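All heavy atoms count here, side chains included; hydrogens, waters and symmetry mates do not. A note on names: the letters A, B, ... follow the listed sequences, proteins ahead of strands, and every chain is numbered from 1. Everything numeric here is computed off the predicted structure, so don't read it as measured data.
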Number of protein chains: 2
Amino acid sequence: MTRPTVNDIAREAGVSLATVDRVLNARPGVRPKTANAVNEAIIRLGYVRDMAAANLARSRSYRMVALLPDGDSQFVQTLADALSDAASLAAATRLELDLRRYPPEDMHVLSAILSGLQPEDVAGVALMAPETPVIRDAVRALRGRGIPLVALGSDLPNTGRDHFVGIDSHAAGRTAGVLMGRFCRGLSGRVMVIADSMLLRDSIERRRGFDEVLLTDFPGLDVMPTLETHGSADLLRRAVGECLAATPDVVGLYLLGSGHRALAALLRERGLLGRFVVIGHELTPHTRQALLAGHLDAVIAQNPGHLARSALRVLRAKADRIAIDEGQEQLRIEVVIRENLPSEPHENHQSDAA
Amino acid sequence: MTRPTVNDIAREAGVSLATVDRVLNARPGVRPKTANAVNEAIIRLGYVRDMAAANLARSRSYRMVALLPDGDSQFVQTLADALSDAASLAAATRLELDLRRYPPEDMHVLSAILSGLQPEDVAGVALMAPETPVIRDAVRALRGRGIPLVALGSDLPNTGRDHFVGIDSHAAGRTAGVLMGRFCRGLSGRVMVIADSMLLRDSIERRRGFDEVLLTDFPGLDVMPTLETHGSADLLRRAVGECLAATPDVVGLYLLGSGHRALAALLRERGLLGRFVVIGHELTPHTRQALLAGHLDAVIAQNPGHLARSALRVLRAKADRIAIDEGQEQLRIEVVIRENLPSEPHENHQSDAA
DNA sequence: ACATTTTTGAGGTACGTTCCTCAGTTTTTG
DNA sequence: CAAAAACTGAGGAACGTACCTCAAAAATGT
């Protein structure tokens, strides 16, 4: 009827509570034979440890740190909000999040922050950062100190990070490529690709996936070299403006990163809005607006809420040395068009976690 | 430093623990003035109730019932699996799920099951069922007894259900319509629509959204009357076969419900695989396979894992009479193509809930 | 059979909250 | 202004688990 407890196990296995406790928490001093008896009782009764009670008794609290680059990127801002929200929900289960921003121009600052984190203060770190040698070393040292770390949004494959929370950029680029190809059905011409910087792993991988698909499946479309904007609206106007003037047969635009507002302004000035198929990444207020207005045909996105919750769940599991549920942590590559645009998220209220 | 507890609030507000407890749990017998003082202290200290401890003390366990139609629908089967998984994760937070299937041919059986549920045994019900008068009455009676109910997958708008967990079918149909229209760019011709039954609310709404979009935005495409298969592969073969023979200018197929395998078989026989743009709903082993093989161009899906978790979260919140986090419960209309197909979910292991 | 080591049992306190009782205090009402 | 009603305080038991101590029992080596 009611859920079995540790006492039930003790009775069922014919041992004392203390012994059950030793087995459950892998404490030493139990003969294998006795341990077996206990484990069998556990299975027989279908015992599931009450994590709530366990954490309460442990009076453990999970102090996590999230590190995001500073700056005015809307995606990062949205992600920061999602992390705060997720953390305030998880607060009911004794998790607290220290959300910090670091100056993106100097990786030594971030490195210093990472070096300052000690296992007694921090149960886990979620980090969104490019993989530079400095960062790689800092992450390795952090993990050497026993602090779990998940890479957030952008992977850090050669650092031994515990987990990557984010989508596969290559597959995301392929998805963008297929949509571009299919939306341009019957057309032939050139596709412009606009990126913030091609030094970022994500941009490179997206571009690679995109090219692959267009090359093999859509031979009528010709992908042009990447225009880099370095996050500057002016640079985008200039570069894209010149390129459009010089290339009459552009049929599609692929925005690897930011710059949606500047692009829309440019196209509006020239009366070209709606002339091309435009595909971008990440759902932000700007891209949302562009989708609604019809300037943008599709967005390939990862859900910031899922990113945030997944990161915290994984960190907690790592802190508890528990296996993670791979299925739940697998993030989807979302395709967003005007018709399936989720309604604007509004104010968040406090609520139950779990 | 450490998290504030009820005792801290009592001290801060200058009242006793008992009073704080009365305020926190909305028990009667506290003057508004005193309650205010307590609430202010709560805000001042940034107190967050430790749900783990609270549930422990309440020694409450949430016994939920999920009712799904029986039969071999792959989507329902996937959803049932997702519910089991979600429940086994939530078991650590004292939730148990009683997952039942009812015979879809006789709504009186389901009605009887619903009538048999009593508030002392059941903390909430998740129901996937068509809205018939019999069901409507049974649901109203259930809610009259004080048992929260969420509609799962398919809404029951006129029953006073507490919440609908699922996607907007009309918007899903519109999404399908846009994809059909854009994937058929440059073509003109007719689009076949195949449904299990047009008596189901979902089918009607999807169809309506689909038609809307094609009519206004893609005038070159002509939507044909719906072919109904009633879940029968034979009927599908016959009806679709005849229709294809009689209609040479078909460019697209829209499958509102099931029948992907039968359709693929038929098209293969006639050497028509890949000839049309095919769009369907829900990600199941069949549609997954069809996407990979290239017979199916896009699937409009709702994530069964999210459905399941959302349903359980909402039911728990209702049982606790807590507000739900609308943002988190909003389900996305997913667009799945071959390139963003999530990898096959494999075995699930037990793990911590969050 | 003895000493030694290892394993087991019994019992306690703690975690933060809920929920109960009962006595004492304040406020409202007639 | 007294009686009634409403409110408040103090304390304790309980939820299921973790973790500690100390003593008793069992297994081990000689």
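- In this structure, A:N55 places its CG atom 12 Å from C1' of D:dG16, rounding to the nearest Å.
- A donor-acceptor pair under 3.5 Å is absent between the side-chain atoms of A:R161 and the main chain of A:V139, judged by distance alone.
- If you check residues 4-16 of chain B against DNA chain D, the residues with a heavy atom closer than 4.0 Å are B:G14, B:V15, B:S16, listed by number.
- In this structure, A:R27 atom CZ and D:dT21 atom P are separated by 12 Å, rounded to whole Å.
- Within the 3.5 Å criterion, the main-chain N or O of B:L17 finds no donor-acceptor partner in the side chain of B:D21.
- For A:R31, taking side-chain heavy atoms from C-beta onward, the closest of the listed nucleotides D:dT17, C:dT7, C:dT17 is C:dT7.
- Comparing C:dT18, D:dC15, D:dG9 by their nearest atom to the side chain of B:L56 picks out D:dC15.
- Phosphate contact (OP1/OP2 of D:dT17, side-chain N/O of A:R58, threshold under 4.0 Å): absent.
- Distances were taken from every side-chain heavy atom of A:A18 (C-beta onward) to each of C:dG16, C:dG9, D:dA18; the shortest belongs to C:dG9.
- Rounded to whole Å, the distance from CG on B:D50 to P on C:dC15 is 13 Å.
- Judged purely by atom type and a 3.5 angstrom limit, B:N303 uses its side chain to pair as donor or acceptor with the backbone of B:G305.
- B:R49 contributes no side-chain N or O that, together with a main-chain N or O of B:A54, makes up a donor-acceptor pair within less than 3.5 Å.
- Side-chain atoms of A:R140 and A:D137, non-hydrogen and from C-beta on, do get closer than 4.5 Å to each other.
- Taking atom OH of residue B:Y62 and atom C1' of nucleotide D:dC15, one finds them 13 Å apart after rounding to whole Å.
- Where A:P32 and A:L17 each meet DNA chain C at their nearest nucleotide, the meeting point lying more 5' is that of A:P32.
- Panel note: side chain A:D162, backbone A:V150; no donor-acceptor pair is recorded below 3.5 Å.
- Comparing A:R22 and A:A54 by the nucleotide of DNA chain D whose heavy atom lies nearest to each, the residue mapping closer to the 5' end is A:A54.
- Between A:R49 and D:dA18 there is a side-chain polar atom (N or O) within less than 4.0 angstrom of OP1 or OP2.
- In this structure, A:V76 and A:R101 have side chains that are in contact, with non-hydrogen atoms separated by less than 4.5 Å.
- The separation between B:D21 atom CG and D:dG12 atom C1' is 13 Å, rounded to whole Å.
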